[in-house]
2 protein chains.
Amino acid sequence: MNHRIISMQTYEHVRALPHRRPSKIRPMRRPHRPQETGRRTTKMVTLKDVAAKAGVSPSTASGALRRLSYVRPETAERVLKAAQDLNYSTNVSARALRSGRTGIFSLVIPTVDIPFYGRLVTAMEASVERHGYQLIIQQTRFEADRERQLIAQSDDTLSEGMFLLAAKTDSREVARLAGDHPTVMFEDYSTDIVIDSVNAPSTGGIDRAIRHLVGRGRTRICVAGATIPLHAMADVSSSSRARYERARSAVNAFDELGISGDCGAIDCDWVANGGTDVGHRIADTATGRTDDGRPAGLRYDAVCCMNDDIALGVLRGLADRGVRVPEDVAVTGFDGIPQGEWSVPSLTTIALDYEGMAETAVTMMLRKFGDNPVSMPQRVIAGFRLIERGSTAVSQ
Amino acid sequence: MNHRIISMQTYEHVRALPHRRPSKIRPMRRPHRPQETGRRTTKMVTLKDVAAKAGVSPSTASGALRRLSYVRPETAERVLKAAQDLNYSTNVSARALRSGRTGIFSLVIPTVDIPFYGRLVTAMEASVERHGYQLIIQQTRFEADRERQLIAQSDDTLSEGMFLLAAKTDSREVARLAGDHPTVMFEDYSTDIVIDSVNAPSTGGIDRAIRHLVGRGRTRICVAGATIPLHAMADVSSSSRARYERARSAVNAFDELGISGDCGAIDCDWVANGGTDVGHRIADTATGRTDDGRPAGLRYDAVCCMNDDIALGVLRGLADRGVRVPEDVAVTGFDGIPQGEWSVPSLTTIALDYEGMAETAVTMMLRKFGDNPVSMPQRVIAGFRLIERGSTAVSQ
DNA sequence: TTGAAAGCGCTAACAC
DNA sequence: GTGTTAGCGCTTTCAA
């Protein structure tokens with residue numbers, strides 16, 4: 001009896017209930033009988049009411065509430081007081097209809113439930129809010145159709161602009177689907193720059209990780225989550241380009257360091273399970289056993305993982321087989337997600353500047369609304385930091 | 001040189017740019033000269049245009065687009081075609097202004113960047129979307145002031161209802177702050193039921209976890225993240241009530257199973273670091289050493305953690321000290337976050353029904369808008385499932 | 001089944 | 001500085 005629903009009755013009861021439109025929002029007055037007060041629930045306080053109470057016109061009240069400079073301070077104060085007394089809050093639909101501004105951005109992202117994305121969403125919400133906007137989250141769940149649909153629909157009248165992390169859609173296609181709807185992408189690795197974007201420092205970060213491993217005396221490095229030799233890019237989706245870019249950076253570093261001959265790669269999905277697999281396969285390269293039965297004579301002495309999820313999986317996979325980290329094999333991650341701090345062992349990683357990425361993306365978005373918008377799209381590469389932890393703590 | 005900013009110039013450049021209002025949204029026509037076409041960017045397609053093209057009146061077109069039954073099928077089809085041809089999308093601000101419905105719910109939650117919350121947000125976005133709504137995320141960052149402010153402001157005209165996971169605010173206070181704004185809470189453990197809420201199965205879940213441990217032969221169980229004996233509730237916030245409820249459930253189980261004498265608790269913050277601390281302290285109860293230097297004679301043979309984050313930390317803390325899991329100490333978590341699947345060892349846990357919690361919450365919300373809304377608030381306890389993994393895989 | 005008319009609450013333009 | 005006026009785009013009566 002592993003599955004148990006508590007209070008099932010109540011639960012079902014709730015589900016079965018009908019639903020209609022909200023009752024809190026004031027029911028429409030019947031147009032032709034303006035005095036009708038029928039069974040309206042909450043009488044909504046309007047700007048007109050505030051203006052009347054303050055003894056000014058609606059437009060003056062509007063200006064006062066928006067703190068426009070032409071309103072005389074004393075007048076403004078009176079209006080503000082009236083608004084407070086009446087517990088007034090401005091009707092955002094009306095404001096949006098009239099002004100064309102909704103104060104809402106949308107964020108289209110595969111999911112919130114993977115650390116890298118969750119971390120980015122947290123930072124984005126904070127940035128957007130700091131600039132007076134609200135953020136609507138839309139998850140694509142890695143479904144190509146849904147992603148394309150959300151991108152195409154972003155051109156509705158609700159969102160003033162879309163932030164997009166596209167897992168399945170190429171940026172040219174994004175440009176086509178989004179039309180002239182203001183868009184800023186994350187992780188766009190296409191060679192063209194057709195849309196503003198903010199990217200993780202894939203090239204610099206991987207280079208740094210590998211040089212760190214070499215500094216720890218490791219020379220037989222396995223890249224986890226990519227292929228070497230590099231495949232020609234059949235698939236142009238963002239995620240596969242990220243993979244390509246990171247792999248290329250690793251290859252370059254191997255060449256420059258003169259260790260190409262001893263290095264290699266094992267491809268896998270960019271999730272923990274993929275990493276676990278890689279860990280097993282690395283353990284399986286053992287040519288012998290130690291006295292206490294652990295694998296010996298491993299092909300690699302380090303794993304450079306393309307992201308932290310993979311790395312956490314690798315730690316798990318190596319542990320399954322009795323391979324010691326970092327003594328036998330050192331491991332590095334990429335992203336700097338919190339979980340790497342308390343894994344066993346803790347994870348050396350390239351920590352991204354999520355707050356910086358978010359703030360930059362929001363700034364890129366806002367500048368589109370400026371009086372002299374920048375004409376050409378740009379790509380910004382975020383900064384990073386190497387965090388050294390247990391998984392590379394021992395030199396060889 | 002651990003910190004490196006790539007492409008700093010571009011970055012700073014972007015940050016420095018000014019920003020104003022969107023230009024994509026059609027600039028207002030000058031009211032007094034309706035024919036003015038000036039420098040408007042995109043001519044917006046309105047319902048009137050669609051109606052004209054289809055040869056019907058705006059109101060008929062409106063009905064057709066909303067698929068109201070009174071419109072003749074052929075007429076409706078003509079309208080739909082016209083809308084498609086013109087690439088029309090309805091202006092949600094106008095619709096909201098007129099109809100009083102925005103189609104938006106807000107979710108106020110401490111953060112998205114902690115697995116339990118992220119998982120819940122993912123489920124909530126999906127549920128809400130399935131019911132034709134969009135979700136605005138607002139993070140309180142565990143700041144009491146910000147939480148209170150967001151709750152009080154929820155009564156704006158944008159969100160039709162608020163979903164709330166309050167970490168710092170008691171539900172009576174929530175009721176006061178939110179006024180008559182439709183609200184559904186998560187994790188409200190107050191004894192009163194003054195607001196609709198959906199809770200994790202704290203009582204049943206902890207009970208199940210402890211019985212599982214006892215079934216594995218463990219009788220010296222330590223609760224991590226609570227106090228025993230139970231403290232009188234000075235603090236009435238939701239999180240401290242959850243803590244109390246789970247601890248009480250543990251105490252009850254200990255009593256019923258007759259093992260109270262051997263069991264205990266170590267309090268800590270409900271985060272991984274707290275758990276690591278607990279792990280260290282448990283290791284420190286050792287009265288001796290094994291031949292290979294591991295702690296022996298530990299006070300406890302199992303740890304029942306109040307959530308998965310704590311449990312992952314405990315795994316780490318025990319590993320730090322050479323305590324073996326599950327051989328020396330078994331560990332259980334609570335929440336069923338994905339990370340428990342690939343920890344070392346993988347984590348036995350009480351997995352929550354996130355999708356069910358979300359769907360129930362949305363249903364509770366929607367029923368408030370029904371023609372005959374339920375008069376009294378309810379509390380729904382979600383179901384759960386015990387997932388047995390490596391951290392309790394060995395019997396004693 | 002369709003159309004005409006009114007107006008949601010607000011802000012922008014302009015007159016004063 | 002403040003008030004007047006018009007009207008954003010839509011939905012909702014009510015009449016036809």
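Labels below follow one simple rule: chain letters A, B, ... track the order of the sequence lines, proteins then strands, and each chain is numbered from 1.
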*asked:* Between A:S57 and A:T60, is the side-chain hydrogen bond (donor to acceptor under 3.5 Å, both in side chains) condition met? List the steps.
replied: CA-CA 5 Å; A:S57 75; A:T60 302; 3.1 Å; yes
Sorted by chain and number, sequence neighbours left out, side chain to side chain contact (heavy atoms under 4.5 Å, CB included) with A:S89 holds for none
Across all chains, not counting sequence neighbours, the side-chain hydrogen bond (donor to acceptor under 3.5 Å, both in side chains) partners of B:S154 are none
To the nearest angstrom, the CG-P distance between B:D49 and D:dC10 comes to 9 Å
Sorted by chain and number, sequence neighbours left out, side-chain hydrogen bond (donor to acceptor under 3.5 Å, both in side chains) with B:E74 holds for B:R72
Across all chains, not counting sequence neighbours, the side chain to side chain contact (heavy atoms under 4.5 Å, CB included) partners of B:T90 are B:Y88, B:R95
Applying side chain to side chain contact (heavy atoms under 4.5 Å, CB included) to B:A361 and not counting sequence neighbours gives B:M124, B:F163, B:V184, B:F186, B:V198
Taken to the nearest whole Å, CG/A:N91 to C1'/C:dG9 is 6 Å
Under a 4.0 Å heavy-atom cutoff, the residues of residues 59-83 of chain B touching DNA chain D are B:S59, B:S62, B:R66
Among the nucleotides C:dG3, D:dT11, D:dG9, whichever has the atom closest to the side chain of B:R95 is D:dT11
When all nucleic acid strands are considered with a 4.0 Å heavy-atom cut-off, which category describes A:T90: base, sugar-phosphate, or nothing? sugar-phosphate
Here the distance between atom P of D:dG7 and atom CG of A:L97, to the nearest Å, is 14 Å
Hits for side chain to side chain contact (heavy atoms under 4.5 Å, CB included) against A:P110, two or more places apart or cross-chain, chain-then-number order -> A:Y117, A:T140, A:F142, A:L165, A:A167
Axis-to-axis angle for the helix from C:dT1-D:dA16 to C:dC16-D:dG1, ends of five pairs each, to 10°, equals 30°
So the side-chain hydrogen bond (donor to acceptor under 3.5 Å, both in side chains) pairs with at least one residue in residues 75-84 of chain A (sequence neighbours excluded) are A:K81-A:D85
